[in-house]
Amino acid sequence: RDNSGPFTAHVATVDLAAVSSPDAVLASGQLAALESTSSMALRSGAALAINGDYFLSNGRPVHAFAADGSLVQTPQLLGRAFGLDSSGTKVSMGFPDSQASVTMTTATGTATLAIPRWNSGRADGDTLSAYSSLGGTLETPPGGDCFAGLNYAGPRTVHADGGIDSAMTVSGQRCSGNPPYVMPGTVMLDGSRFNASGNFLE
């Protein structure tokens, strides 16, 4: 019990029969940013805002975060997550499977490789990592690796289990050199040029 008050409690009454559109909003629109819930509500035109996750000292959420069908980051810590379906009418709470992978089809065949890190650091061993512009200045591709830039090429396909497939086209690829810049609305794949993941991107 905490007797150090006084405290102020705000109570919101919600008419569940009224039209509403719940949504997830990232502080300042990118990782590693601090913004008050009142500012986020004003910026997004929301009538009510509630904190959605614990965060690090720089403002980065500690768990998996996705919004509007796009993965923003894989988790920094394992923990439960709150989720909304695309209609905003069904909610879930549990340990999400935030795994990602990429399947590339060429004239000679099809290959799939895991992406265990999404805006969560450099590729680890013989896997890929992915970066988007939502990583801001906190998550940027390293230099010296192999890279493939991807552009979205059509609507996303949402599966019954919540998984999402996105068709993408390769905009460019290279190995070594300076870190690439990630354009808004694109994805940059990163793989070690000393492992098969780098060969996968060549």
Side-chain angles (χ1 to χ4, degrees), residues 21-37 39-46 49 52-53 55-56 58-76 81 83-84 86 88 96 98-104 113-123 127-158 162-191 197-198 200-202:
S21 180
D23 200 2
V25 179
L26 190 63
S28 297
Q30 63 180 12
L31 293 178
L34 294 169
E35 186 179 10
S36 66
T37 51
S39 172
M40 296 168 72
L42 181 63
R43 174 168 58 84
S44 59
D53 196 3
F55 55 88
L56 303 180
N58 60 7
R60 179 183 193 143
V62 298
H63 297 114
F65 187 92
D68 300 323
S70 294
L71 182 61
V72 176
Q73 72 165 20
T74 46
Q76 308 304 296
L84 291 164
S86 57
S98 57
Q99 296 181 13
S101 64
V102 60
T103 299
M104 290 191 177
L113 202 62
I115 310 175
R117 296 175 180 267
W118 195 286
N119 280 332
S120 293
R122 191 173 192 164
T127 61
L128 297 175
S129 64
Y131 297 87
S132 72
S133 61
L134 294 176
T137 58
L138 177 67
E139 290 291 351
T140 57
D145 280 356
C146 292
F147 305 100
L150 304 179
N151 293 335
Y152 288 97
R156 297 177 174 90
T157 301
V158 182
I164 295 176
D165 286 338
S166 298
M168 310 188 84
T169 58
V170 178
S171 60
Q173 54 200 120
R174 65 172 169 85
C175 281
S176 72
N178 294 326
Y181 174 72
V182 185
M183 296 288 291
T186 68
V187 173
M188 185 67 65
L189 295 180
D190 164 39
S197 58
F200 183 83
L201 299 179
E202 284 190 293

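Just so you know, these numbers come straight off a predicted model, no measurement behind them.
In this structure a side-chain-to-backbone donor-acceptor pair under 3.5 Å is missing from Thr186 to Val182. Under the 3.5 Å distance criterion, the side-chain polar atoms of Glu139 are matched with a main-chain donor or acceptor of Gly121. In this structure, the side chain of Gln76 does not engage the main chain of Leu56 through any donor-acceptor pair within 3.5 Å. Counting only distance, with no hydrogens or angles, the side chain of Glu35 and the backbone of Ser28 share a donor-acceptor pair below 3.5 Å. Although no hydrogens or angles enter the test, the distance criterion places no donor-acceptor pair under 3.5 Å between the side chain of Ser101 and the main chain of Ile115. Between the Asn119 side chain and the Leu134 main chain, no donor and acceptor come within less than 3.5 Å of each other. Distance alone, capped at 3.5 Å, is enough to place a donor-acceptor pair between the Arg174 side chain and the Ser176 backbone. Of the possible donor and acceptor atoms, one in the side chain of Thr74 sits under 3.5 Å from a partner among the backbone N and O of Trp118.
Smallest separation of non-hydrogen atoms from Gln73 and Leu31: OE1-CD2, 3.5 Å. Between Asn151 and Ser171, the shortest heavy-atom distance links the atoms ND2-CB, 3.5 Å. Taking every heavy atom of both residues into account, Tyr152 and Gly185 meet most closely at CD1-O, 3.3 Å. The minimum heavy-atom distance linking Pro184 with Ser133 is given by the pair CA-OG, 3.4 Å. Of all non-hydrogen atoms in Leu34 and Gly59, the two that sit nearest each other are CD2-CA, 3.4 Å. Shortest non-hydrogen contact noted between Tyr181 and Met188 is O-CE, 3.9 Å.
Residues Thr169 and Leu150 are not in side-chain contact: their nearest non-hydrogen atoms beyond the backbone lie 4.5 Å or more apart. Within the 4.5 Å cutoff, side-chain heavy atoms of Pro141 are placed close to those of Pro180. In this structure the side chain of Phe200 reaches within 4.5 angstrom of the side chain of Val102, judged on heavy atoms. Side-chain contact between Phe147 and Gln173: absent, with no pair of heavy atoms (C-beta onward) separated by less than 4.5 Å.
Taking a cutoff of 4.0 Å between a charged side-chain nitrogen and a carboxylate oxygen, Asp165 and Arg156 do not qualify as a salt bridge.
Taken from OG in Ser132 to CD in Gln30, the straight-line distance is 10.5 Å, to the nearest 0.5 Å. In this structure, CG on Leu71 lies 10.5 Å from OG on Ser166, to the nearest 0.5 angstrom.
When each of Asp145, Leu201, Asp190 is paired with Leu128, the side chain to side chain contact (heavy atoms under 4.5 Å, CB included) condition holds for Leu201 and for no other.
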Subject >> Criterion side-chain contact (heavy atoms from CB on, under 4.5 Å) on Phe55 and His63, from CA distance to verdict >> reply: CA-CA 8 Å; Phe55 55 88; His63 297 114; over 6 Å; no
Subject >> Test side-chain contact (heavy atoms from CB on, under 4.5 Å) applied to Asp53 and Val62, step by step >> reply: CA-CA 7 Å; Asp53 196 3; Val62 298; 3.8 Å; yes
Subject >> Trace of the side-chain contact (heavy atoms from CB on, under 4.5 Å) decision for Thr127 with Arg117 >> reply: CA-CA 9 Å; Thr127 61; Arg117 296 175 180 267; over 6 Å; no
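Heavy-atom contacts from other residues, nucleotides or ligands closer than 6.0 Å to CG of Asn178 number 12 or fewer.
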